[in-house]
Amino acid sequence: MPQYWLMKIEPAECSIDELARRPAQTVPWTGVRNYQARNFMRDAMQVGDGVLYYHSSCPEPGVAGLAEVASTAYPDATQFDLGSPWFDPKSSPEQPRWLNVDVRLQRRTRLLPLARMRSEPALQSMVLLRPGSRLSITPVTPQEWQAVLALLDAPAA
DNA sequence: GCCAACGTTGGC
DNA sequence: GCCAACGTTGGC
């Protein structure tokens, strides 16, 4: 039974276009510094899970493509990198605190804007849309996943 | 740049 | 273990 996720990334970090240009079309999902999001990667994600690739903190936030989980969780190298904004002095290689998975592009889609998602009845249950929700990784139900696919395949409004 | 909603920190 | 202060997220 496949599972589904929505994963936020700032396009400045790795946009869907940049992901498509990468040799393996894969990005290590580093920089997660929230325990709930980390635990999703560590405890629940499986290779092959579906991912809604979501652009955040940008002029047009929304789902920009479909991707998949391409690895199990492993220690996030940026936590040990003094020069990284994600360096964590409280973490150690012996007891790494932060993990990441790899994510591989399936296909770019047309942008499904956040505002459009908010207006779609079938998506009202999404964790993303909960007031004040800031989680960078959220579970998506099969029903929500199908509804997003339907919107992406529907004629443009 | 504003600000609401959260998460984390640290004193007690 | 409580909770106030502070920092962060992220849409607008």
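To find a chain, count down the sequence lines: A is the first, B the second, and so on, and within it residues start at 1.
- Between the C1' atom of B:dT9 and the CG atom of A:D88 lies a distance of 13 Å, rounded to the nearest Å.
- For A:Y54 and C:dG11, the shortest distance from a side-chain N or O to OP1 or OP2 is below 4.0 Å.
- One can place CZ of A:R130 at 11 Å from P of B:dC6, the figure rounded to the nearest angstrom.
- At whole-Å resolution of the value, CG in A:N34 and C1' in C:dG7 are 14 Å apart.
- For A:R134 and C:dT8, a side-chain-to-base donor-acceptor distance below 3.5 Å is present, hydrogens and geometry of angles not being considered.
- Straight-line distance from the CH2 atom of A:W86 to the C1' atom of C:dG7: 17 Å, rounded to whole Å.
- More than 12 heavy atoms of other residues, nucleotides or ligands sit less than 6.0 Å from atom CD of A:E18.
- Among the nucleotides B:dG10, B:dG7, C:dG10, the one closest to any side-chain atom of A:S56 is C:dG10.
- Atoms CG and CG, from A:D76 and A:D88 in turn, are 9.5 Å apart once rounded to the nearest 0.5 Å.
- Under 3.5 Å, the side chains of A:Y4 and A:D49 contain no donor-acceptor pair of N or O atoms.
- Note on ring orientation: taking the six-membered ring where Trp is involved, the planes of A:Y53 and A:W29 are perpendicular (angle over 60°, cut-offs 30° and 60°).
- A:K8 places its NZ atom 12 Å from the P atom of B:dC6, with the value rounded to the nearest Å.
- C:dC12 atom C1' lies 10 Å from atom CZ of A:R118, rounded to whole Å.
- Spacing between atom CG of A:L128 and atom P of C:dT9 amounts to 16 Å, rounded to whole angstrom units.
- Between the CD atom of A:E10 and the P atom of C:dG10 there is a distance of 7 Å, rounded to whole Å.
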